[in-house]
Number of protein chains: 4
Amino acid sequence: MALTTEQRVRRAAVKLFASKGFHGTGIRDLAQEAGISSASLYHYMGTKEELLAGIMRECLERLLAGAREVTDDVVDPRQRLASLVALHVLAHARQPAETRVVDNEVHVLSAATRRRIVKLRDAYEQLWGDAIDDGIRQRSFVTAEPAVTRLALLEMCSGVAHWYSPRGPLGLDRLANHYANLALRMLGSAGQDCPEALARARKAVSTVWGTTL
Amino acid sequence: MALTTEQRVRRAAVKLFASKGFHGTGIRDLAQEAGISSASLYHYMGTKEELLAGIMRECLERLLAGAREVTDDVVDPRQRLASLVALHVLAHARQPAETRVVDNEVHVLSAATRRRIVKLRDAYEQLWGDAIDDGIRQRSFVTAEPAVTRLALLEMCSGVAHWYSPRGPLGLDRLANHYANLALRMLGSAGQDCPEALARARKAVSTVWGTTL
Amino acid sequence: MALTTEQRVRRAAVKLFASKGFHGTGIRDLAQEAGISSASLYHYMGTKEELLAGIMRECLERLLAGAREVTDDVVDPRQRLASLVALHVLAHARQPAETRVVDNEVHVLSAATRRRIVKLRDAYEQLWGDAIDDGIRQRSFVTAEPAVTRLALLEMCSGVAHWYSPRGPLGLDRLANHYANLALRMLGSAGQDCPEALARARKAVSTVWGTTL
Amino acid sequence: MALTTEQRVRRAAVKLFASKGFHGTGIRDLAQEAGISSASLYHYMGTKEELLAGIMRECLERLLAGAREVTDDVVDPRQRLASLVALHVLAHARQPAETRVVDNEVHVLSAATRRRIVKLRDAYEQLWGDAIDDGIRQRSFVTAEPAVTRLALLEMCSGVAHWYSPRGPLGLDRLANHYANLALRMLGSAGQDCPEALARARKAVSTVWGTTL
DNA sequence: CATGAATGAGCCTTCATTCAT
DNA sequence: AATGAATGAAGGCTCATTCAT
């Protein structure tokens with residue numbers, strides 16, 4: 001099925017905001033990439049900033065929905081964390097443009113919009129914090145600085161969007177598995193593969209992003 | 001000692017490029033932050049892009065010099081890696097603005113300039129790769145994907161610049177120590193503190209950045 | 001009786017052109033005020049300028065018809081002038097939007113259209129000039145500068161559209177009567193009320209504008 | 001002495017705002033009329049609206065200063081009113097562009113700016129109201145509706161800016177004198193010339209506007 | 001050394017208008 | 001009859017940069 005114009009605009013924005021930055025992307029660049037005139041752009045978006053905010057919100061909502069899906073009803077913190085890591089890595093490897101926009105362009109947003117976006121991100125990170133804290137409580141995890149470790153994990157996983165290429169030698173599954181192992185090691189937990197956690201993450205990514213691409 | 005005007009310009013650029021992005025920072029913003037007129041700015045810089053490139057090059061050269069200092073004549077790969085991690089983390093915690101500019105604004109550079117900058121970064125990352133590879137060869141480190149692990153380590157450590165605050169509860173030394181432990185864990189190496197590695201990193205940071213701030 | 005869409009468009013234009021000016025009113029403003037889409041607007045009008053010209057012409061034609069009605073077959077110049085003043089004042093008090101558009105937006109029109117509009121206005125003002133000149137000839141009126149006095153009278157009466165409010169304490173009849181007295185005084189003629197002149201004006205306004213509002 | 005660029009900008013704005021309206025005047029029109037580029041325009045003004053507000057405020061302040069000058073220490077209300085009329089007429093005949101901008105473009109201003117402008121205008125009109133009220137109290141003036149008469153007077157006099165041409169047959173003095181007579185007649189006061197009132201007005205106009213033009 | 005003045009190019013956004021459905 | 005979609009032109013304003021003083 002062909003894309004709607006609105007989708008083409010959204011995709012153009014994601015691509016250009018990711019590669020050239022929000023301020024580095026002109027409205028004419030967007031129009032050209034979307035294949036319409038710059039005036040027509042405004043049938044499918046509000047302001048340029050609202051377009052950005054929409055992209056960010058959608059991406060974060062998907063990530064949050066996925067994270068809830070992979071952690072709901074899972075009791076073992078190791079399983080929860082492994083799933084979160086795998087989900088995050090898969091998302092950043094499959095949707096590097098969206099996720100880079102989310103990570104890099106927050107400073108552009110107006111104060112009010114930023115608050116809403118940050119709230120979503122905080123809810124998402126809370127799930128990571130819960131898994132880590134539960135693991136520590138249950139002595140599955142050992143770390144001197146849980147909060148710092150959570151940040152280190154998140155930054156490590158987000159970084160995937162900076163370098164991963166689907167054309168490289170590394171498949172998505174092995175990538176996600178490797179990161180899950182790294183994460184468990186960081187938390188002092190034996191790094192054995194946990195295929196169920198990966199399967200949950202794979203499924204969640206498909207659910208929230210579809211099988212596009 | 002008072003700053004020279006050139007230093008004030010450089011600092012203004014670092015601060016603003018880091019917080020608002022290169023394209024989000026106007027020449028007038030720079031002038032105001034530096035306390036001079038926008039025309040005077042051009043006595044102390046070339047074009048705006050050259051100013052950016054200078055900042056990036058200087059930061060990367062310092063990082064590279066520090067990395068060489070902490071690894072030269074150190075044979076144990078664990079010591080080398082711990083020092084590299086500690087140096088990187090200290091640098092990103094102490095100079096978050098510079099390092100964020102280096103990490104976020106590469107896409108702005110012209111092809112020729114970018115090549116030179118990327119070369120510096122590659123040389124720097126090579127030192128990490130060498131330590132990891134040596135560690136694997138000596139069976140100090142165990143990891144299925146050395147290249148991926150190197151990238152994961154770098155992203156994890158660079159992320160410090162995104163959130164660390166000197167006004168928070170965590171001191172620089174404990175921060176660096178924690179990250180060194182995380183790194184060794186990621187490489188399957190027992191996470192014991194290695195105070196000599198930290199000391200070398202601390203010294204190197206002072207050498208290349210001075211004791212400013 | 002419900003308004004036709006064309007009437008709604010016309011009224012929207014009159015209201016907005018009067019309050020925000022022709023160039024200050026966008027096609028989308030008109031559409032919103034009329035309750036249709038901006039594309040539909042073009043079923044009921046030509047260009048925006050033609051819409052303006054239509055409004056002006058209609059208003060001036062009504063004014064001119066009214067003026068002819070109140071002066072035809074009236075011999076006494078004082079009666080004629082009093083009626084013209086009353087008609088003009090009533091029209092500007094009851095139709096302030098239309099009359100303000102006529103008075104303020106002539107400069108917008110193209111040369112050709114402007115000529116036609118100005119011709120109508122000249123014909124209308126001619127009736128005032130005739131009454132004044134006849135009055136002078138008959139020694140009913142005394143003024144050193146008849147032409148200037150005519151302009152002063154017209155401006156004074158048109159000004160009513162700038163400030164009169166039907167919600168204020170002053171009724172339309174007293175308003176018109178007062179202005180008729182002022183006019184006669186300006187022409188050196190005793191300022192006694194002339195109820196017949198007012199009645200003629202009232203009737204003419206109803207004839208040309210209907211009893212709407 | 002040659003005009004400063006700022007003065008040229010101001011004059012261009014006055015001329016174009018008066019002839020084409022604020023919204024009908026583009027920033028590029030202003031630049032061309034002022035003989036500079038549209039970017040340079042912004043060295044000499046804030047926003048286009050601030051330029052408008054500045055023009056209005058200056059004109060009204062001059063008018064108010066002149067009105068105070070011609071009424072201060074004058075006891076006879078007839079003299080005061082005659083001076084006010086003459087001043088207003090001379091101002092509108094000599095500075096038709098400024099005064100038309102003041103009269104026609106108030107709707108453009110933002111609420112806050114409009115308040116400040118309207119306050120100035122109210123102070124000015126208050127002087128007219130005082131003269132009329134005093135005259136009535138002293139039985140020099142007779143009018144059934146003082147407030148309406150004040151408005152009629154003001155509109156009549158402001159109208160001069162719509163039609164007066166210095167290239168016409170009517171000199172400024174005779175014009176002002178005629179309007180003073182009309183005004184006194186409107187107030188039921190014998191219309192004899194009062195040369196002192198005119199002299200005061202002439203002098204005040206020179207004081208507040210200089211002898212330019 | 002420092003800066004007001006200057007500008008061509010470009011910014012984001014809205015304009016009035018047309019047309020296929 | 002009605003309107004979403006579309007656009008070239010233009011809107012007000014800011015950009016990075018130069019230069020005479």
By nearest atom, which of the nucleotides F/dA1, F/dG12, F/dG8 is closest to the D/Tyr42 side chain? F/dG12
note: C/Gln32, atom CD; F/dT3, atom C1'; distance rounded to Å ~ 16 Å
Closer to the 5' end of DNA chain F via nearest nucleotide, is it D/Phe22 or B/Ile27? D/Phe22
Grab the CD1-P distance between D/Ile36 and F/dC13 for me, whole Å please. 14 Å
For C/Leu30 and F/dT3, what is the distance between atoms CG and P respectively, to the nearest whole Å? 15 Å
In Watson-Crick or G-U wobble terms, with both distances under 3.5 Å, the base opposite E/dT21 is F/dA2
Can you measure C/Asp29 atom CG to F/dG11 atom P for me and round it to whole angstrom units? 17 Å
Among F/dT17, E/dT17, F/dT18, the one nearest B/Ala39 by side-chain distance: F/dT18
The residue, A/Thr25 or B/Ser37, whose nearest nucleotide of DNA chain E is more 5′ is B/Ser37
Using a 3.5 Å distance criterion without hydrogens, assess whether the side chain of A/Lys48 forms a donor-acceptor pair with backbone atoms of A/His23. no
Decide yes or no, distance alone: a donor-acceptor N/O pair under 3.5 angstrom between the base of F/dG12 and the side-chain of D/Arg28. yes
Rounded off to whole Å, could you give me the CG-to-C1' distance for the A/Leu41 and E/dT14 pair? 13 Å
Please say which of A/Val102, A/Ile55, A/Val118 ends up in a side-chain contact (heavy atoms from CB on, under 4.5 Å) with A/Leu60. A/Val102
Find the distance D/Lys48:NZ to F/dA10:C1' and express it as a whole number of Å. 12 Å
Applying a 3.5 Å limit to both distances, which nucleotide forms a Watson-Crick or G-U wobble pair with E/dT14? F/dA9
Between atom CG in C/Leu51 and atom P in E/dC15, what is the gap in whole Å? 16 Å
Pick the closest DNA chain F nucleotide for B/His23 and for D/Met45 by heavy atoms, then say which residue is nearer the 5' end. D/Met45
Short N-O contact, B/Arg62 and B/Glu58, less than 4.0 angstrom: yes
Could you state the atom-to-atom distance from CZ of D/Arg8 to C1' of E/dA5 in whole Å? 12 Å
Phosphate oxygens OP1/OP2 of F/dA5: is one of them under 4.0 Å from a side-chain N or O of A/Ser40? no
Looking at every strand, decide which applies to C/Thr5 at a 4.0 Å heavy-atom threshold: base, sugar-phosphate, or nothing. nothing
For the side chain of A/Ser38, starting at C-beta, report the closest nucleotide among E/dT13, E/dT3, F/dA16. E/dT13
Evaluate whether atom CD of C/Glu61 has more than 12 neighbouring non-hydrogen atoms of other residues, nucleotides or ligands under 6.0 angstrom away. yes
Test item: B/Thr25 side-chain N/O and B/Leu16 main-chain N/O as donor-acceptor pair under 3.5 Å: yes
On a plain distance test, is the side chain of C/His43 in donor-acceptor contact with the base of F/dA1 below 3.5 Å? no
